[in-house]
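Just below is one structure, and these are the notes that go with it.
These numbers were taken from a predicted model, which means no experiment stands behind them. We count residues from 1, following the sequence as given.
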Amino acid sequence: GDVIKFSGDALTILFEATDDYALHSSPCGSPEACVKTPLQLACLRASACCIEIHKRLHNFETGEGGMRLTLHIGVGAGNVTILRVGGVFGRWE
């Protein structure tokens, strides 16, 4: 995925829905796996990424007085419209 926005302590990451079958004969790992749509494959990739991030960073020990960081993740799917607005004082959102 591509990080498209840092929002304070949050990230917005885009996993583009592409036709993986044009690149690989078995993008789900085996020829017996059921065929998935590009959006389903993007959701699977995003979910796998979220699981790995959660395993590595949830309850992360900061090294500061026993303080631990917690992690919350949300996944959304569908069409995306990206706008670039701003310019005042050199700020772009």
Side-chain angles (χ1 to χ4, degrees):
D2 297 310
V3 175
I4 59 172
K5 178 78 173 153
F6 287 96
S7 306
D9 63 351
L11 294 175
T12 301
I13 303 173
L14 177 66
F15 286 82
E16 189 174 350
T18 58
D19 184 7
D20 290 358
Y21 292 96
L23 303 172
H24 307 285
S25 60
S26 303
C28 290
S30 72
E32 291 80 31
C34 58
V35 175
K36 306 282 189 230
T37 67
L39 183 58
Q40 289 171 325
L41 288 170
C43 288
L44 287 170
R45 282 193 301 274
S47 297
C49 182
C50 290
I51 290 168
E52 189 61 33
I53 290 170
H54 199 267
K55 284 194 299 190
R56 293 178 186 217
L57 296 178
H58 184 64
N59 287 323
F60 181 79
E61 176 62 56
T62 64
E64 295 293 324
M67 181 78 63
R68 294 185 174 271
L69 300 179
T70 59
L71 181 67
H72 304 278
I73 298 174
V75 176
N79 295 329
V80 175
T81 301
I82 299 173
L83 302 172
R84 187 173 181 191
V85 298
V88 178
F89 304 117
R91 288 195 56 175
W92 294 91
E93 297 289 331

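Here the straight-line distance linking atom CD1 of I73 with atom NE2 of H58 works out to 9.5 Å at 0.5 Å rounding. From I82, atom CD1 reaches atom CD1 of I4 across 4.0 Å, with rounding to the nearest 0.5 Å. The CG atom of D2 sits 12.5 Å away from the OG1 atom of T12 when rounded to the nearest 0.5 Å.
Contact of the T18 side chain with the R45 side chain is registered, since non-hydrogen atoms from C-beta on lie closer than 4.5 Å. Residues L57 and L69 form no side-chain contact, since every pair of their non-hydrogen atoms from C-beta on lies 4.5 Å or further apart. Residues Y21 and L41 meet the side-chain proximity criterion, which asks for heavy atoms closer than 4.5 Å.
The environment of CD in E61 is crowded: more than 12 heavy-atom neighbours from other residues, nucleotides or ligands sit within 6.0 Å. Annotation: E16, atom CD; neighbour count of heavy atoms from other residues, nucleotides and ligands within 6.0 Å does not exceed 12. R56 CZ: 12 or fewer foreign heavy atoms inside a 6.0 Å radius.
Taking each heavy atom of H72 and T70 in turn, the nearest pair found is NE2-OG1, 3.9 Å. Among all heavy-atom pairs drawn from A77 and C43, the shortest one is CB-SG, 3.5 Å. The shortest heavy-atom contact between V75 and C50 is CG2-SG, 3.7 Å. Here the shortest heavy-atom pairing between R68 and N59 reads NH1-O, 2.6 Å.
If you chain together ILVMFWY residues whose side-chain heavy atoms come under 4.5 Å of each other, L11 ends up grouped with V3, F6, I13, F15.
The closest donor-acceptor contact from the side chain of T37 to the backbone of Q40 lies under 3.5 Å.
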